[in-house]
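Quick notes on the structure that follows.
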Amino acid sequence: MNQPATMTISGATAAENQRKVLNRLRRAQGQLGAVIAAVESGGQCRDVVIQLAAVSKALDRAGFTIVSSAMQRCIASPDDPAEPLTVDELEKLFLTLA
């Protein structure tokens, strides 16, 4: 049975995925602000690097969620013109984040 285009394989809606991505990006934005403030104020190296790693991880997770959603839509509706990415293009996007 085919799933509607708005559903992903895991059952999460596109709106839920968008909310997750936006939350991760907002978290990364706040963490980056903290990194900048720490560098400007001469913060401890360890604290700056730990916070920078948290920013990087939040951005990576947002990217993986975006690519994962596109892959799920591609699998669920391979002939849908609304998802113009090929499997090769999706793989390249995924590997870009790896």
Side-chain angles (χ1 to χ4, degrees):
M1 177 163 72
N2 287 344
Q3 297 173 335
T6 59
M7 296 295 291
T8 62
I9 292 171
S10 67
T13 65
E16 289 174 18
N17 282 335
Q18 182 181 24
R19 181 188 54 78
K20 288 178 185 178
V21 168
L22 288 172
N23 284 342
R24 286 191 173 114
L25 292 174
R26 287 184 183 111
R27 186 177 310 126
Q29 185 178 35
Q31 290 168 326
L32 183 57
V35 169
I36 292 169
V39 170
E40 288 175 339
S41 68
Q44 294 291 317
C45 177
R46 179 191 316 206
D47 296 337
V48 171
V49 171
I50 289 171
Q51 196 67 14
L52 193 56
V55 172
S56 180
K57 186 172 183 175
L59 291 174
D60 286 345
R61 287 185 178 265
F64 284 128
T65 300
I66 291 168
V67 173
S68 172
S69 295
M71 292 174 90
Q72 290 172 345
R73 284 191 307 273
C74 182
I75 291 168
S77 303
D79 297 325
D80 185 357
E83 189 56 61
L85 297 172
T86 66
V87 172
D88 288 340
E89 290 170 323
L90 287 168
E91 182 180 346
K92 286 179 185 177
L93 285 174
F94 180 79
L95 292 174
T96 298
L97 296 170

Verify the cluster assignment for Val39 and Val55: are they in a single hydrophobic cluster under the rule of side-chain heavy atoms below 4.5 Å apart? yes
How long is the span from the CD1 atom in Ile50 to the CD atom in Gln31, to the nearest 0.5 Å? 12.0 Å
So how far is it from Leu22 CG to Asn17 CG, rounded to the nearest 0.5 Å? 11.0 Å
Rounded to the nearest 0.5 Å, the CG atom of Asp47 sits from the CG atom of Leu52 at a distance of 12.5 Å
I need the Thr96 OG1 to Glu91 CD distance, nearest 0.5 Å. 10.5 Å
Treating Thr65 as the side-chain partner and Arg61 as the backbone partner, does any N or O pair qualify as donor plus acceptor under 3.5 Å? yes
Which heavy atom in Val48 sits nearest to a heavy atom in Ala38, and how many Å separate them? CG2-CB, 3.7 Å
Same cluster or not: Leu59 versus Val35, using hydrophobic residues (I, L, V, M, F, W, Y) connected whenever any side-chain heavy atoms lie under 4.5 Å apart? yes
Working to the nearest 0.5 angstrom, can you tell me the gap between Gln18 CD and Asn23 CG? 10.5 Å
Which pair of heavy atoms, one from Ala62 and one from Val21, lies closest together, and at what distance? O-CG2, 3.9 Å
Check whether more than 12 heavy atoms from other residues, nucleotides or ligands sit under 6.0 Å from atom CD of Gln29, and answer yes or no. no
